Amino acid sequence: MALIKQIRQRTGLAIGVIAGGLILFLLGGDLLSPNSSLLNSSQNVVGEIAGEDISYEEYVAKIEEFRIAFQQRTGRAPAEVEMVSVREQAWQAMIVEKVFQEEYDKLGLTISSAELVDMVQGKNIVPELRQQLINPQTGQFDKNQLISFLQSLETADPAQQAFWAEQEQLFAQSRLRVKYDNLLATSEYASSAEAKMEYKAANSIAEASVLHIPYSAIAPSEVEVTEAELRDYLSKNKEKFQRGAFANIEYVNFSILPSSEDSAQVISTIQQLTEELRSTDQDSAFVSRNSEVRPAFLTVGPGQELPANLVSNVDEVIEGETYGPFVTANSAYVSYKISDKYEGTPRMRASHILFSTEGMDDAAKAETKAQAEEVLAGLKSGDDFAQAALQYGQDGTSQQGGDLGWYAQEEFVQEFADATFARRSTGLLPNLVETEYGFHIIEVTSLPQTEYTKVAVLQLDLIASDATRNEAFRNADTFAAESGNRNEFTENAIEGNYRVLQANDVDPSSRNLNNLTNAREIIRWAFSEASQGEVSEVFELDNAYIVASLVSKKEEGDVTLEDVREQVETQVKNDKRAKLIMEAIAGKASLEDMKSVYPDDASINEIPDLKLSSAVLPGIGFAPKAIGSVFGLSEGQISKPVQEDIGVIVARLNAITAAAEIGDYTAYQAQLTQGAAQRTSYQIMMALQDLADVKDYRYKFF
């Protein structure tokens, strides 16, 4: 109901104030400063789609749409880590709008008024609405709630009606994309010849002997490369080395982890507070004031677990006793007091399989009941309940084996609750239970329990004190102030005995720097502000202050030899090594003779069950070309040497068991067609992005 509630609560004023305020917040407080992106159009572009610049403001407005949609689905604002996904969804939506709309127009794809009505109140209601209108008792979509809401729109204020119209437009856009994807996916077709080839590739088995000569068989001194050879290779293989923007960064980490003094202070404090908790008669108020965990006062009912740290350290808890302090997995200190144990509302646990009868006439209900009786009979004979729930269950619990969790009698419809709470033993109920939702097969998994325990939780987190943090910051700030360039950065690190860490090939959209999490600001600085050799100011992360230096960075596009020298040099040397290996084994009649040329490095592997559909040689590695060559041999024949990334491969086919002919290849035909159809949406998206020459500069802003 989050979506419906959100719509009802919105007003025209609220929409304007919230959206405007959020955009101002996202844009920052210096909109009118000399460096403002609003006053500098060349710095205000987050990307380019189909030749059109996408402004920062336009993108932020789209982000706001998806942020609101997230809040409608979940009932809460997205956290920062979730905003990463929200921004990506907004960007993909802009690509769709600017690239796909032209495709829709060419094909004449539209959403009619009748179709839109069907999507929001007919037989094919969109998933977005179905997910919001779930009956908590049945786990199923409740159409009555939707009808009630739509009727209320007739008297709603104009702002609410306008907002609903926006939602309908989003539903329509989503349906257009589904139509487009389905149109292309259903055009996929695999011929019977392709199906037969797929079948044979999966079922023909070769027995082969495979000689593997790794490149390490050639000593480094035997292979030399010139600058000209490297440049020639790169010019002929540019497509292999095209890449997005990247940066190389060096940094020094000034830890702000707690010191031994900080730890001693926390231990002393929690020991003192634990004694006060032991003697107080105001447990809830005491932990609310002093504990650093929320909630600090728990009521643990039937089916719920006591805190793990309490259970692992205490065999049996006693009312009125205080336990601890204990050390938690995240180095906090925690104590517990059992404030009360009492008898409360009974709760039990059961699983069910629902055979829905919603909207059925008597004849259909009788048929459904007969099916349910048949499944119940199977369960009485020993069939697995969870598997049956997954197969036959018609509500949201089916994916959990029908498990309903722990519940009180008043939380369920009367017929269901009466039948389960009347049980005196666990197990399968012998008869079906009929409710307004349909027929239920029920298995009681835990009988009613009534014991409740109130627990006061006193926890103090071990964190760096202000003194520890201040000292770390002073060291970092001094280091940054005295390092005017990369040379000084390096010299000062050596002098101060600080370790310089490297982060190479950093992607502009990364959020982590090596093992440093939440390091987005450092990466954004490197790509948007820093020049080569520049040293940053101090960045504050969760447990460290960081001072960074930009070694180098590269924009998206072709790379220079210096950018990929190591990879190019390795490839050129491997090509030369392969040539030397092939020359050395030329004229040898057997694999054994070839192996004798490199006795310490080469190996012969016997592979009894090689398939053409494989891409990996067992015990050797990725070698698709070599595998293909095996299936092109006659029995007893030796292949020509094949160069792979892992070395040179020569194979002998010892025997082959051809796949038996079958009369019908339609299953493989359907498999190929389905696989191609599933890939179509992604492939089309990538192709259209390439055609639209999408350029993404968002990493400079977020």
Side-chain angles (χ1 to χ4, degrees), residues 28-30 33-35 37 43 80-81 84 245-266 330-332 461-555 562-563 565-566 698-702:
D30 59 341
S33 70
N35 296 321
S37 59
Q43 298 180 2
E80 176 53 34
V81 66
V84 177
F246 67 94
N248 297 316
I249 301 170
E250 291 181 343
Y251 61 94
V252 173
N253 182 324
F254 296 84
S255 172
I256 48 177
L257 294 175
S259 66
S260 57
E261 291 81 4
D262 297 336
S263 179
Q265 179 60 48
V266 172
N330 59 351
S331 299
D461 297 329
L462 177 57
I463 60 174
S465 65
D466 288 344
T468 299
R469 298 182 69 90
N470 290 340
E471 181 180 0
F473 180 79
R474 280 194 299 271
N475 292 335
D477 192 43
T478 300
F479 179 82
E482 295 177 349
S483 302
N485 54 53
R486 188 181 168 208
N487 289 336
E488 293 178 358
F489 177 93
T490 304
E491 292 170 0
N492 291 335
I494 295 173
E495 183 179 342
N497 199 28
Y498 298 126
R499 183 184 177 190
V500 176
L501 301 169
Q502 294 182 332
N504 295 325
D505 296 336
V506 177
D507 186 272
S509 61
S510 294
R511 309 200 70 77
N512 301 330
L513 201 64
N514 292 338
N515 64 341
L516 296 176
T517 58
N518 301 321
R520 181 64 199 152
E521 285 305 306
I522 302 175
I523 297 168
R524 195 172 70 83
W525 164 82
F527 283 97
S528 63
E529 301 175 22
S531 56
Q532 185 170 327
E534 185 175 344
V535 178
S536 73
E537 297 180 348
V538 179
F539 291 104
E540 181 178 0
L541 274 60
D542 295 338
N543 295 309
Y545 292 111
I546 301 296
V547 179
S549 176
L550 179 63
V551 178
S552 62
K553 65 179 173 182
K554 202 75 176 177
E555 296 294 338
E562 291 309 310
D563 297 327
R565 176 177 291 276
E566 184 176 344
R698 291 176 296 153
Y699 57 81
K700 297 180 179 180
F701 300 84
F702 299 94

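Values below: all heavy atoms of this structure, side chains included; hydrogens, waters and symmetry mates excluded. Keep in mind the model is a prediction, meaning the values are calculated, not measured.
- Note on Glu562 versus Lys554: no salt bridge recorded, every NZ/NE/NH1/NH2 to OD/OE distance being 4.0 Å or above.
- Across every non-hydrogen atom of Asn492 and Tyr498, the tightest pair is O-CD1, 4.3 Å.
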The test is side-chain contact (heavy atoms from CB on, under 4.5 Å); show your working for Val500 and Thr490 and say whether it passes. CA-CA 8 Å; Val500 176; Thr490 304; 5.6 Å; no

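- When all heavy atoms are compared, the tightest approach of Ser549 to Arg486 is OG-CG, 3.5 Å.
- Atom CG of Asn248 sits about 8.0 Å away from atom CG of Leu550, to the nearest 0.5 Å.
- Checked against a 6.0 Å centroid threshold, the rings of Phe473 and Phe254 do not count as neighbours.
- Between the CD1 atom of Ile494 and the CZ atom of Arg499 there is a distance of 14.0 Å, given to the nearest 0.5 Å.
- Looking only at distances, no side-chain donor or acceptor of Arg469 sits under 3.5 Å from a matching main-chain atom of Ile256.
- The main-chain N or O of Val535 is never found under 3.5 Å from a side-chain atom of Asn485 such that the two would form a donor-acceptor pair.
- With no hydrogens or angles considered, a side-chain donor-acceptor pair links Tyr251 and Asn514 at under 3.5 Å.
- Side chains of Ser465 and Thr468: a donor-acceptor N/O pair is present below 3.5 angstrom, by distance only.
- Side-chain atoms of Ile546 and Val252, non-hydrogen and from C-beta on, never get closer than 4.5 Å to each other.
- Closest non-hydrogen pair, Ile249 versus Ala548, comes out as CG2-CB, 4.0 Å.
- The minimum heavy-atom distance between Phe527 and Lys553, with the atom names listed, is O-NZ, 3.4 Å.
- If you check the side chains of Asp262 and Ser259, you find a donor sitting under 3.5 Å from an acceptor.
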